[in-house]
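To start, the structure itself, in structure tokens.
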Amino acid sequence: MADPPTRPQIGADEWVARSAERSAAGRARTWAEQTPAPIRYGALAVVVTLIALVPVMTSDEYILRVGVVSLIYALLALGLNVSVGLAGLLDLGYVAFYGFGAYGYALLSSSKFGVHWSLWETLPLVLGTSILVGFLLALPSRRLVGDYLAIVTLFFGQIFYTIAVQGYRVPLITFHGTHDITGGPNGIADVDDFRVFGHHLTTNRAYFWFSLIAVVVVFTAIHFLNESRTGRAWRAHRDDPLATELMGMPINWLKLLAIAVGASVGALAGTINAASLHGAFPDDYSTPVLITIYAMVILGGAGSLLGVVLGALTVNILLEVLRTPDHARWILYIAIVVALLAKVRPWRKLAAVLAGTLAFGIAVHAIVAAAWPRGVHGLVSISGTDFSNGGWFGWALRHWLVLPAHTYEEGQYTWFNVALVALIGLVLVLTMVRGWVRWALLVPTLWLAALVWETRLVEEGTGPTRFLLLGAILVVLMAARPQGFLGTHRVEIV
Amino acid sequence: MGGIHVLAGFDAFTLTWHYFFSQLVAGLTLGSLYALLALGYSMVYGILKLLNFAHGEVFMIGSYIGYFVLTALGGATSPNVSIPILLLLMFGAAMVGSGLLGVAIERFAYRPLRHASRIAPLISALGVSFFLQQLATLLFGSVPKQYNTFSLHNGSLFNRITIGAFEIQYMQLFVIVAAVVLMLALTQLVARTKVGRAMRATSFDLEAASMMGIDIDRVIVFTFFVGSALAGAGGVMNGLIFQNVNPYIGFNAGLKAFTAAVIGGIGSIKGAMWGGLTIGVAQAFATGYLSSAYQDVIVFAVLVVVMLVRPTGLFGTPALQKV
């Protein structure tokens with residue numbers, strides 16, 4: 001080439017030339033692509049073996065239960081990934097299939113109707129029916145653009161929940177009286193354990209292994225499906241439905257198939273959940289769970305099998321930590337430190353931000369202490385945490401944040417709500433400003449975040465906070481890193 | 001089969017014209033509310049081809065703003081101002097507040113994704129919707145806040161006008177008239193004004209409109225403001241009729257309203273209005289004659305049937321895809 005590389009070349013579109021650069025998605029993925037296959041699969045096998053050894057190393061029921069739930073979520077994320085990540089269909093009724101599996105198993109293997117089918121009789125029936133329902137669901141929207149599928153499936157999820165909650169007085173089967181099918185808001189209790197090859201699975205340990213095997217089997221199956229003709233066609237459909245159709249691909253069939261495969265994996269996860277909980281309860285299959293699974297898939301990287309499994313484990317463990325305020329407290333500070341370390345260069349700026357935040361808090365504390373001494377009394381937080389004897393950390397927080405006495409009083413409660421709204425406003429403003437203004441604004445934002453976190457968010461860790469964070473994760477990831485941890489960045493060609 | 005059983009349970013009262021009309025009026029009231037919401041969905045979809053899931057939450061926040069204005073002015077039992085001014089202030093504050101919220105959502109959640117893949121803004125919208133719902137739970141609590149509008153003027157707003165078998169509450173009449181006025185205003189805005197013409201042009205072809213010198217960003221911001229303001233007004237109406245507001249009303253109302261927009265033909269203003277009324281009346285009759293438990297199922301059935309028989313909706317035009 002005669003032209004120096006800095007000058008644009010005639011005929012060579014710079015955008016095209018840099019496409020490889022754009023599609024590169026982080027070091028983890030590059031490493032995975034450069035490592036030979038046997039080593040990669042070997043590494044995966046080692047990790048799976050280590051996970052399989054967890055129940056041997058611990059007999060703590062709590063840890064095992066969290067493990068079972070994490071693995072069920074991993075299964076769910078794998079199933080949702082088929083429709084969202086591989087085929088590019090926004091399936092918002094996915095959680096209904098999860099519930100369908102659970103209720104299907106609960107109806108056929110519990111004392112509700114005295115039917116006690118074994119796993120090998122129930123599972124094919126439940127999976128088959130859920131595949132059929134998946135087909136039927138996708139049918140009305142098959143000729144339409146993707147958004148219609150989203151609304152139909154979202155509505156379907158809602159309908160499933162309605163039927164589960166209202167299904168204790170069904171007038172449809174005979175002509176007289178109503179019938180209790182789903183147990184209504186109380187759900188179905190007393191569901192049988194799995195019976196596999198003559199073994200009763202009764203402990204969390206057994207379900208841990210069963211779920212792990214299910215995850216490995218589903219992972220492998222979807223991996224091969226993804227590498228097959230169908231998988232290639234799905235990915236083509238995801239990237240450009242119109243071009244795929246013009247290449248002669250049966251896109252309606254592909255859509256139906258993707259929804260149905262996702263549905264069957266969801267139903268499998270549902271049966272495991274019902275059996276391990278010994279019951280099926282409607283609130284386990286409602287919209288918040290859907291949002292959780294979406295957050296897992298998006299965080300892990302839609303389209304990447306390993307990514308969504310990682311996403312599921314991360315999100316579920318994070319949510320579990322949020323349950324206990326004493327542990328949850330640390331999440332924010334760890335997240336801030338990690339984010340600052342990763343994003344703020346050079347270190348002088350980092351030190352300035354940290355020192356500024358400390359100084360800002362101390363200054364605000366001093367001003368409030370002078371103007372309104374009760375405002376820094378810092379005795380009891382809303383969550384009941386006594387900051388006065390919370391060790392060195394509680395002491396530090398008391399002298400850094402503004403914690404009035406008896407914050408559970410109505411009026412002061414309102415101020416923390418105002419602080420929460422102000423924090424959201426500040427974060428939004430941060431995304432708009434550049435340069436030194438941003439660094440200057442970062443200081444009060446961090447302080448306010450700590451204040452709101454300690455007074456308002458940690459306390460609600462089991463309730464709104466966890467879902468508030470999940471919602472925020474979806475929005476932030478979509479704007480900042482739509483490919484998640486391990487996904488591939490895609491550029492839509494219009 | 002189910003129908004036979006349910007019909008067998010009817011008493012003489014439920015088969016009178018009187019009952020029929022009361023269900024119809026309830027349906028029209030609910031329908032005009034859904035229509036207001038559906039307009040916001042439809043307008044945004046028309047311009048950005050984006051399903052704005054957060055629209056239902058904007059409606060919910062509008063309802064809360066109405067509640068706080070009502071409380072700040074002394075509550076429904078002893079308002080400090082006369083009722084018309086009270087209603088005007090509630091509607092004004094809710095519409096402006098919701099409008100600004102809608103603009104903020106567009107600016108921070110959707111604008112960065114305008115050139116991203118088609119699925120990205122949908123997921124972002126889902127996140128915003130959930131975020132707002134949970135934020136409202138955190139800020140206002142999950143216990144419903146009581147509008148208590150029944151105490152306004154000693155409940156006389158809920159008196160009925162009777163014409164033969166037909167009767168309607170003043171409040172229902174007010175809601176229907178207010179919704180019709182707002183919809184007529186919107187139709188005129190879109191049909192007659194310069195910004196309305198810009199909206200129509202953008203909706204027809206965004207790229208060509210921008211080449212013709214239309215400031216697309218301004219049109220989009222304006223659309224979000226108007227659509228969200230209508231949702232805010234709907235939120236206040238919801239409070240006036242149903243007397244209370246909780247953080248979860250937005251999701252369900254949004255789902256119904258979006259269904260209404262799809263049934264009417266998404267992108268069409270006339271379609272959103274008729275779709276809203278259809279859904280409202282269908283839901284009221286399902287509640288009145290079958291069971292309130294399965295009203296969602298009936299609405300869903302209507303949606304599926306319309307999508308099978310007439311995928312473009314009642315007033316939609318088949319979308320031509322240009323490559």
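Chain A is the first sequence line, chain B the second, and so forth, proteins listed ahead of strands; every chain is numbered from 1. Basis for what follows: all heavy atoms, side chains included, without hydrogens, waters or symmetry-related copies.
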If you round to the nearest 0.5 Å, how far is CE of B:Met307 from CG of A:Leu149? 8.5 Å

Mind checking the CZ-CG spacing from B:Phe131 to A:Leu474? Nearest 0.5 Å is all I need. 11.5 Å

Minimum heavy-atom distance B:Phe108-A:Leu428, with the two atoms named: CE2-O, 3.2 Å

Relative to chain A, which segment of B:Leu303 carries a heavy atom at a distance below 4.5 Å: side chain, backbone, both, or neither? side chain

Could you tell me whether the side chain of A:Leu154 reaches within less than 4.5 Å of the side chain of B:Phe53, counting heavy atoms only? yes

Toward chain A, the part of B:Tyr110 with a non-hydrogen atom under 4.5 Å: neither

Among B:Leu255, B:Val305, B:Ile266, which residue forms the greatest number of heavy-atom pairs with chain A at distances under 4.5 Å? B:Leu255

Between B:Phe251 and chain A, which part of the residue has a heavy atom less than 4.5 Å away: side chain, backbone, both or neither? side chain

Identify the residue among B:Leu126, B:Leu113, B:Ile119, B:Leu122 that makes a side chain to side chain contact (heavy atoms under 4.5 Å, CB included) with A:Met478. B:Leu113

Quick check: do B:Val299 and A:Phe155 have side-chain heavy atoms less than 4.5 Å from each other? yes

Need one label for A:Leu468: side chain, backbone, both or neither, based on atoms under 4.5 Å from any heavy atom in chain B. both

Could you tell me whether a side-chain N or O of A:Asn417 sits under 3.5 Å from a main-chain N or O of B:Leu139, the two making a donor and an acceptor? yes

Measure up the B:Phe300 and A:Phe156 rings against each other and bin them: parallel (under 30°), tilted (30 to 60°), perpendicular (over 60°). tilted

Let's test your reading of the structure: which of A:Thr162, A:Thr431, A:Ile291 forms the most heavy-atom pairs below 4.5 Å with chain B? A:Ile291

Option that, when pairs with chain A are counted at under 4.5 Å, heavy atom only, ranks first among B:Asp296, B:Asn252, B:Val304: B:Asp296

Between A:Val165, A:Ile424, A:Val421, which shows the greatest number of heavy-atom pairs under 4.5 Å with chain B? A:Ile424

Using a 4.5 angstrom heavy-atom cutoff, name the option from A:Ile473, A:Leu92, A:Leu469, A:Leu477 with the most pairs to chain B. A:Leu92

Options B:Ser142, B:Ala120, B:Pro112, ranked by heavy-atom pairs under 4.5 Å with chain A, top entry: B:Ala120

Any idea which heavy atoms bring A:Val475 and B:Ser124 closest together, and the distance? CG2-O, 3.6 Å

With a 4.5 angstrom heavy-atom cut-off, is it the side chain or the backbone of B:Arg107 that approaches chain A, or both, or neither? side chain

Can you name the nearest heavy-atom pair linking A:Ala150 to B:Leu51, along with the distance? CB-CD1, 3.9 Å

Answer with side chain, backbone, both or neither: which region of B:Leu135 has an atom nearer than 4.5 Å to a non-hydrogen atom of chain A? both

